[in-house]
2 protein chains.
Amino acid sequence: MKSLPPCVAGIGNDVGPTTAACSGENPSCAGLHCHVRKLARHQHAFLQTDRQTHIHWVKAGLLRLYKGLANGRRQIVGFAFPGDFVGLGSEPRYRFSAQAITPTELRVMPRAVFENVAADDPRFSSKLYEALASDLRRTYDLVLTVGQRDSESSLAAFLLEMHARTGTRNSILVLPMPRSDIADHLGLTTETVSRTFSKFAQRGLIHISGRRGISLKNPAALERLAEG
Amino acid sequence: MKSLPPCVAGIGNDVGPTTAACSGENPSCAGLHCHVRKLARHQHAFLQTDRQTHIHWVKAGLLRLYKGLANGRRQIVGFAFPGDFVGLGSEPRYRFSAQAITPTELRVMPRAVFENVAADDPRFSSKLYEALASDLRRTYDLVLTVGQRDSESSLAAFLLEMHARTGTRNSILVLPMPRSDIADHLGLTTETVSRTFSKFAQRGLIHISGRRGISLKNPAALERLAEG
DNA sequence: CGTGGGCTTGAGCAGTGTCAACTTGAGTGG
DNA sequence: CCACTCAAGTTGACACTGCTCAAGCCCACG
């Protein structure tokens with residue numbers, strides 16, 4: 001098996017120094033047409049109606065992935081953290097929009113290039129498959145949350161997922177997204193999110209520090225809540 | 001590229017005569033350990049906690065794919081129609097249970113066999129990838145439905161999706177699943193589903209015939225409802 | 001130090017769940 | 001072939017969660 005070009009060698013692993021080689025200036029990557037793209041807050045990587053031309057890989061920052069309805073309602077179907085792929089899938093158009101929540105750095109590659117690499121390297125191909133399967137699993141879980149849990153269970157499940165996903169050892173959790181994103185993710189309103197966080201704090205389940213900080217005082221109780 | 005064994009040659013296409021070659025008695029398939037499995041009504045293909053040992057392919061019938069919560073609530077994350085794969089994904093355990101709604105016939109293959117075929121044949125591999133991507137797209141749509149639509153919009157969207165998916169030319173639609181399945185799919189109750197169908201019928205949007213038949217009298221209006 | 005968006009809190013209400021009774025119709029056995 | 005049976009579906013009354021609208025607060029900016 002031939003070795004992967006530096007652009008994609010680190011893909012599927014944690015973000016590491018390998019990926020630093022992939023700046024636009026690096027000649028070994030020029031042939032792959034891969035480049036770095038920086039997004040300011042609220043800037044879109046793509047819209048749900050755009051032709052799906054590129055695969056995006058988050059190097060730093062955070063994206064909200066959302067679908068809109070004609071009446072203005074918005075469903076955030078997922079968040080893309082560093083290391084995550086966005087725009088996998090094999091359809092002519094993206095089915096959701098991707099927007100930066102915090103300033104974000106992306107690695108952007110044309111689909112064709114991506115697919116060629118995947119065709120040549122079964123290991124890479126299977127990493128892609130796993131990434132897609134993992135998106136699907138998370139989305140199944142989200143349907144369960146949104147469809148069957150009440151506001152308390154939803155938020156408990158959300159806090160636990162964010163804690164697991166950001167991989168913090170201690171119980172201090174940073175939620176980089178505003179309350180409105182949490183609401184649109186869970187099918188609630190910002191008011192309900194806020195009220196429920198307050199209730200959790202009163203009961204001693206969590207401690208809220210500032211706008212972004214939450215520490216989980218009683219994860220076991222949250223788990224119980226999340227299970228109904 | 002070597003030709004595919006009869007067991008999987010028809011996979012990804014419509015169910016056709018090719019697949020008939022794949023009975024347990026056929027020696028050319030014995031080495032693949034693929035076999036036919038028939039499920040009676042309410043019988044499970046697997047449970048959400050089972051080890052994910054096999055890939056299932058629906059030949060005839062209908063499966064509900066669901067996740068359960070400790071409090072007894074159930075979310076149907078999808079339905080598997082003839083031609084659909086179930087149990088793609090690359091994790092140690094299924095993340096949902098699969099149960100027959102009507103008597104169902106499955107083609108069942110060990111994952112290892114499946115993966116070997118996929119590794120040898122990029123065309124097959126890419127079909128799998130597409131099937132997975134298509135599950136993911138449908139699930140994103142479901143999150144939008146469950147999270148952002150009210151009962152009328154939900155049901156309008158559901159009717160249109162079932163119509164598209166069962167591929168009926170005319171507007172007569174057979175819903176093979178009971179109301180309770182529709183409810184648990186959309187995050188509603190059977191009562192709400194029933195009431196909303198009645199409202200649709202009163203307004204002349206649909207016509208209800210028997211327990212399973214619905215004809216769409218005004219698909220355009222349903223589309224408008226689904227968009228909010 | 002001032003400003004404004006994001007967050008919190010409150011009061012009232014609408015939509016949907018819950019509980020209960022009744023109706024329908026598919027399947028069974030006489 | 002018809003009557004019986006019972007699960008599935010429908011309809012109604014009521015309760016309650018979470019949404020809407022509104023006001024005020026606080027923290028991160030300039």
Side-chain angles (χ1 to χ4, degrees), chain A residues 40-42 62 64 69 71-76 101-103 145-158 174-203 206-214 225 228, chain B residues 40-42 62 64 69 71-76 101-103 145-156 158-159 174-203 206-214 225 228:
Chain A
R41 233 169 129 251
H42 296 166
L62 181 64
R64 59 172 77 96
L69 234 38
N71 59 12
R73 298 178 69 92
R74 182 183 72 150
Q75 174 68 44
I76 294 183
I101 293 176
T102 61
T145 294
V146 165
Q148 305 299 333
R149 294 197 236 243
D150 61 15
S151 57
E152 293 196 0
S153 302
S154 276
L155 273 161
F158 176 75
V174 175
L175 298 178
M177 69 289 287
R179 300 286 189 262
S180 57
D181 280 355
I182 301 175
D184 287 349
H185 187 48
L186 301 177
L188 301 171
T189 58
T190 59
E191 292 95 328
T192 300
V193 171
S194 185
R195 269 188 261 271
T196 308
F197 276 161
S198 299
K199 268 193 267 181
F200 284 178
Q202 275 171 4
R203 286 191 236 156
I206 64 175
H207 180 254
I208 305 173
S209 51
R211 293 193 170 173
R212 296 287 172 264
I214 290 203
L225 259 183
Chain B
R41 232 168 130 252
H42 297 164
L62 181 64
R64 59 172 78 96
L69 234 39
N71 59 12
R73 298 179 70 92
R74 182 183 73 150
Q75 173 68 43
I76 294 183
I101 294 175
T102 61
T145 294
V146 165
Q148 305 299 331
R149 295 197 235 243
D150 60 16
S151 56
E152 294 198 0
S153 302
S154 277
L155 273 163
F158 177 76
L159 289 176
V174 175
L175 298 179
M177 69 289 286
R179 301 285 190 264
S180 57
D181 280 354
I182 302 175
D184 287 349
H185 187 48
L186 301 176
L188 301 171
T189 59
T190 60
E191 291 94 330
T192 300
V193 170
S194 184
R195 269 188 262 270
T196 308
F197 276 160
S198 300
K199 269 193 269 181
F200 284 178
Q202 276 172 4
R203 286 191 237 157
I206 64 175
H207 179 254
I208 304 172
S209 52
R211 294 194 169 171
R212 296 287 172 264
I214 290 204
L225 259 183

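Computed from a predicted structure; not experimentally measured.
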Self-check item: A/F197: ring pair (Phe, Tyr, Trp, His ring centres under 6.0 Å) partners, not counting sequence neighbours
Solution: none
Which heavy-atom pair separates [X] from [Y] by the least distance, and what is that distance?
X: A/H185; Y: A/Q75; value: O-NE2, 2.8 Å
X: A/T145; Y: A/A157; value: OG1-CB, 4.3 Å
X: B/T189; Y: B/A183; value: C-CB, 3.4 Å

Quiz item: If you count the non-hydrogen atoms of other residues, nucleotides and ligands that lie under 6.0 Å from CZ in A/R212, is the total more than 12?
Solution: yes
Quiz item: Are more than 12 heavy atoms from other residues, nucleotides or ligands located less than 6.0 Å from atom NE2 of B/H207?
Solution: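 Open.
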Quiz item: Hey, mind stepping through B/L175 and B/F158 against side chain to side chain contact (heavy atoms under 4.5 Å, CB included) and telling me if it holds?
Solution: CA-CA 10 Å; B/L175 298 179; B/F158 177 76; 4.3 Å; yes
Quiz prompt | Any donor-acceptor N/O pair, A/S194 side chain to A/T190 backbone, under 3.5 Å | solution = no
Practice problem: Quantify the bending of the helix from C/dC1-D/dG30 to C/dG30-D/dC1 as the angle between its end axes, each fitted on five pairs, to 10°. | Solution: 40°
Quiz item: Can you give one letter per nucleotide of nucleotides 8-18 of chain C, 5' to 3': B if a protein heavy atom sits under 4.0 Å from the base, S if only from the sugar-phosphate, - if neither?
Solution: BBBB----SSB
Self-check item: Passing candidate, side-chain hydrogen bond (donor to acceptor under 3.5 Å, both in side chains) with B/D184, options B/R74, B/R179, B/R64
Solution: B/R74
Self-check item: First and last nucleotide of DNA chain D, 5' to 3', lying under 4.0 Å from heavy atoms of chain B
Solution: D/dA7 to D/dA13
Practice problem: Send over the distance from A/L175 CG to C/dG6 P, rounded to a whole Å. | Solution: 16 Å
Between the protein and nucleotides 27-29 of chain C, are there any N/O to N/O pairs under 3.5 Å, and if so, what are the atom names and distances?
none

Practice problem: Using salt bridge (Lys or Arg N to Asp or Glu O under 4.0 Å) as the criterion, list what pairs up with A/R195, not counting sequence neighbours. | Solution: none
Quiz prompt | side chain to side chain contact (heavy atoms under 4.5 Å, CB included) between A/L225 and A/F200, intermediate numbers included | solution = CA-CA 11 Å; A/L225 259 183; A/F200 284 178; 3.6 Å; yes
Practice problem: To the nearest 0.5 Å, tell me how far B/L186 CG sits from B/T192 OG1. | Solution: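 Separation between the atoms: 10.5 Å.
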